[in-house]
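What follows is a single structure, written as structure tokens, with notes after it.
By convention here, the first residue in the shown sequence is residue 1.
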Amino acid sequence: MSPAPRRSTFLVIHGAWHHPELYGTFCKAIENRGAEVICPRLPSCSGELPSTKTIEDDVALIRATAESLVQEGKKVFAVMHSYGGMVGTDALEGLGLQRLIYLAAFVPPSGKNLVDMLGGSMAPFIVGDEQGMLRVPEAASVFYQDLPDDEAAFWAGRLVPMPKSAFLNRITRAAYRGIPATYILCKDDRAIPASTQEMMISNVQSAGVSMDVVRITASHSPFLK
């Protein structure tokens, strides 16, 4: 008797200021198709004030989670949203995942931090405070402009402050060099403009790395549609 096929497991790595609650509908849709979904809450997005966590804490959590899933014999696909691309790119190198899926996400080369990916300075919609915490006051119009106003306001109100340290510390690995990758480009994205997404894809492909591309008409957060 042949062994039963391995069940696919999707490891969802959420974005900055976000947390698993905002991906609940998306995760449920994947589960309804018969797959397992894991969406850990990144330490930098705990909502703790002030936060002492950095991107290294996020990377360590995701790497440990992915290693455990692979060791259990699961077929793991990573879905990385926005800042989650920074985390997953560093965390998942060499772990034998089936595919990396970048959803309106950063695709950094080794040695870069998030500020580097933003052109050397914070995006204008990001506001910092004296405790080193970052917020997005106009999140409804930056992240969710294609939702009804009341829904956009609701989700914007669920976001948490993010420590600046998560944007400054540099990654040291590039998982997409050894794992098949797909980029889902959101053409109406106001947080990471489509032109920036195209540039990141081009940079990866110019470095000799294959990356499939799917372009959709959506804001930065299509998982809420």
In this structure, would [X] and [Y] fall into the same cluster of hydrophobic residues linked by side-chain contacts under 4.5 Å?
X	Y	value
Val76	Ile30	yes
Leu185	Val209	yes
Trp155	Leu134	yes
Phe154	Phe223	yes
Val204	Phe106	yes

With heavy-atom distances below 4.5 Å as the criterion, would you say the side chains of [X] and [Y] are in contact?
X	Y	value
Ser219	Asp189	no
Thr217	Asp188	yes
Leu159	His18	yes
Cys186	Ile216	yes
Lys75	Leu97	no
Glu151	Tyr144	no
Met80	His14	no
Val142	Gln145	no

Roughly how far apart are [X] [atom1] and [Y] [atom2], rounded to 0.5 Å?
X	Y	atom1	atom2	result
Ser202	Met211	OG	CE	11.5 Å
Asp57	Cys45	CG	SG	11.5 Å
Ser195	Lys187	OG	NZ	14.0 Å
Ile171	Asn169	CD1	CG	12.0 Å
Phe143	Trp17	CZ	CH2	5.0 Å
Gln197	Ile192	CD	CD1	6.0 Å

Item to complete: Apply side chain to side chain contact (heavy atoms under 4.5 Å, CB included) to Phe167 and Ile126, showing your working.
Response: CA-CA 11 Å; Phe167 283 45; Ile126 299 173; 3.8 Å; yes
Looking at every non-hydrogen atom in both residues, tell me the closest pair between [X] and [Y] and how far apart they are.
X	Y	answer
Pro40	Ile62	CG-CD1, 4.0 Å
Ala105	Tyr183	O-OH, 2.7 Å
Leu95	Arg63	CD2-NH2, 3.6 Å
Gly15	Ser82	CA-CB, 4.2 Å
Leu22	Leu224	O-CD2, 3.2 Å
Ala123	Leu118	N-CD1, 4.0 Å

Distance-only, no hydrogens or angles: does the [X] side chain make a donor-acceptor pair with backbone N or O of [Y] under 3.5 Å?
X	Y	answer
Ser68	Ala64	no
Arg190	Ser141	yes
Ser44	Ala166	no

Item to complete: Just say parallel, tilted or perpendicular for the rings of Phe77 and Phe10, cut-offs at 30° and 60°.
Response: parallel
Fill in: His81 and Tyr23 aromatic ring geometry - parallel, tilted or perpendicular at 30°/60° bounds
perpendicular
Worksheet item: Arg99 and Thr182: side-chain donor and acceptor closer than 3.5 Å?
Response: yes
Hey, is [X] close enough to [Y] for a salt bridge, meaning N to O under 4.0 Å?
X	Y	answer
Arg215	Glu198	yes
Asp58	Lys53	no
Arg170	Asp116	yes

Response to the item:
The remaining residues in the hydrophobic cluster of Met133, counting side-chain heavy-atom contacts under 4.5 Å among Ile, Leu, Val, Met, Phe, Trp and Tyr, are Leu49
Quick check: are there more than 12 heavy atoms from other residues, nucleotides or ligands sitting under 6.0 Å from [atom1] of [X]?
X	atom1	result
Lys74	NZ	yes
Glu138	CD	no
Asp149	CG	no

Practice prompt. Would you check, one step at a time, whether the test side chain to side chain contact (heavy atoms under 4.5 Å, CB included) holds for Val107 with Tyr176?
Written response: CA-CA 9 Å; Val107 190; Tyr176 53 79; 3.6 Å; yes
Worksheet entry | side chain to side chain contact (heavy atoms under 4.5 Å, CB included) between Val12 and Ile38, intermediate numbers included | CA-CA 6 Å; Val12 177; Ile38 306 293; over 6 Å; no
Practice prompt. Quick one: do Glu36 and Glu31 satisfy side chain to side chain contact (heavy atoms under 4.5 Å, CB included)? Show the steps, please.
Written response: CA-CA 6 Å; Glu36 177 185 25; Glu31 289 174 343; over 6 Å; no
